[in-house]
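If you're wondering where the values come from, they're calculated on a predicted model, not measured in any experiment.
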Amino acid sequence: MGPRSHAAVCFLWYPKYVNKRIVVTGIGAVTPLGIGKDAYWQNLTAGVCGVGPITLFDTEGFDVKIAAEVKGFDPTAYVTSKEARRMDRFVQFAVAASLMALEDAGLSVTEQNAERVGVVIGSGIGGLQTLEDQVRILVEKGPSRVSPFLVPMMIGNMASGHVSILTGAKGPNSCTTTACASSAHALGDSLEILRRGAADVMITGGAEAGVVPVSIAGFSNMKAMASNFNDNPTAASRPFDANRSGFVIGEGAGIMILETLEHAEARGAHIYAELVGYGMTGDAYHMSSPPPDGNGVARAVSYALKNAGIEPEQVQHVNAHATSTPLGDKAEVAALRSVFGDHFDSLAVCATKSMTGHLLGGAGGIEAAATVLSIAESLVPPTINYETPDPDCIVDCVPGVARKMNVDVAVCNNFGFGGHNAVLVFKKV
């Protein structure tokens, strides 16, 4: 165990090291349901589905022909056309969402605060379209035609890099790459950075642009994606439903502004909620499947609640990972039942991927945003396409229609290939 890992464990397991309260003051979203926090939230709570036929490339010969694409995104609304050409689509999403989040927080990075503002943005894959394009050029035209911008456009840390460059943020800067848990780990790592006083503000979350031929082919061939809904795309993502058959890929970014409570209060910032707990574990089981009893997830949820000083009975809502895969949903329900016991039946456990699709490394960002807004707006989004209950996934998933309810404490789950589990706990301030 290296020094950083040891420090992370100490901060996670020993509350005596927690000495700063961390709050959410800004939200930016680029999603298949709309661009901007308000469009995202309005459509999410209205039960709108963002899944449709793939338009980003020709799907001739592909078994899967649907995805949850971001529609109408113009990167030049946020950066110059020259800057946009030197960014992969996932970086463009991250930059746009970050600028929206800063504006929402009413925060500017200045010479006076730059060294106290950090950036941690996760991405599970990075610039896959850039890599695919340049490999094709290499094969067809030779090495001399490969772009000199291949590497700086492709590597996953460039979302954090570009956000830092464009905003001037000079504080802690990093990237998390833990597959579909990347965004949640970015938010959790940012929480720890702020708690230990290494920054006052963090721009954090995740981005992904995985609607790319090679990724669709790869996920499809491993039988992870829903392939039998090409003619009915809005019915394809159906978490907890007995007829679920796999996930639907999505794209986009979710970024939040986290800052210490004292910093937020000093500048009179609007506070959405408090981030009070973070848990992370490894399954040590399989490269792509969870253990059937979900023990890795259960330990992550338990650690997050202990880290938050929250008893299970205090939680009202869980934004589940719930990708709509047969094994994953079942294991998550088993894990939640083991942690919450009889209280599980009182929880509203929504699956927003039923509408957004699965943003892979960007999922945690928009799902954490939805969790925070559930607290702030006292409204839990629905799970759509829940028509035939699976006996192994009996859960109050808020079927079909958003539910008006008070939410004091909410949990947000995200898990990734390799057995990475990340859980965040948010609380009303």
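Between Lys37 and Asp104 there is a salt bridge, since at least one side-chain N of the basic residue sits less than 4.0 Å from a carboxylate O of the acidic one. Under the 4.0 Å criterion applied to side-chain N and carboxylate O atoms, Glu377 and Lys404 are not assigned as salt-bridge partners. Arg403 has a carboxylate O that lies under 4.0 Å from a charged side-chain N of Asp396, or vice versa, which qualifies the two as a salt bridge. Arg136 and Glu132 are joined by a salt bridge, as a carboxylate oxygen and a charged side-chain nitrogen come within less than 4.0 angstrom of each other. The existence of a salt bridge linking Glu274 and Lys428 is excluded, since no basic side-chain nitrogen approaches an acidic carboxylate oxygen closer than 4.0 Å.
Side chains of Ser147 and Gln134: no donor on one and acceptor on the other come within 3.5 Å. For the residue pair Asn413 / Glu332, a side-chain donor-acceptor distance below 3.5 Å is found, with atom types taken as modelled. In the model, Asp283 has a side-chain atom that pairs as donor or acceptor with a side-chain atom of Asn421 under 3.5 Å. Thr178 and Thr176 share no side-chain donor-acceptor pair at under 3.5 Å.
Between Phe57 and Phe62, the distance separating the two ring centers is shorter than 6.0 angstrom. You'll find the ring centres of Tyr303 and Tyr278 outside the 6.0 Å limit.
In terms of modelled atom types and a separation under 3.5 Å, the side chain of Thr167 and the main chain of Val163 share a donor-acceptor contact.
A side chain to side chain contact (heavy atoms under 4.5 Å, CB included) with Val372 is found for exactly one of Val24, Val23, Val407, namely Val24.
Separating the CG atom in Asn228 from the OG atom in Ser245 is a distance of 4.0 Å, to the nearest 0.5 Å.
Contacts classified as side chain to side chain donor-acceptor pair (under 3.5 Å) and involving residues 340-349 (residues at least two apart or in different chains) are given here: Arg337-Asp345.
Using the six-membered ring where Trp is involved, His358 and Phe247 have ring planes that are perpendicular, over 60° apart on the 30 and 60° scheme.
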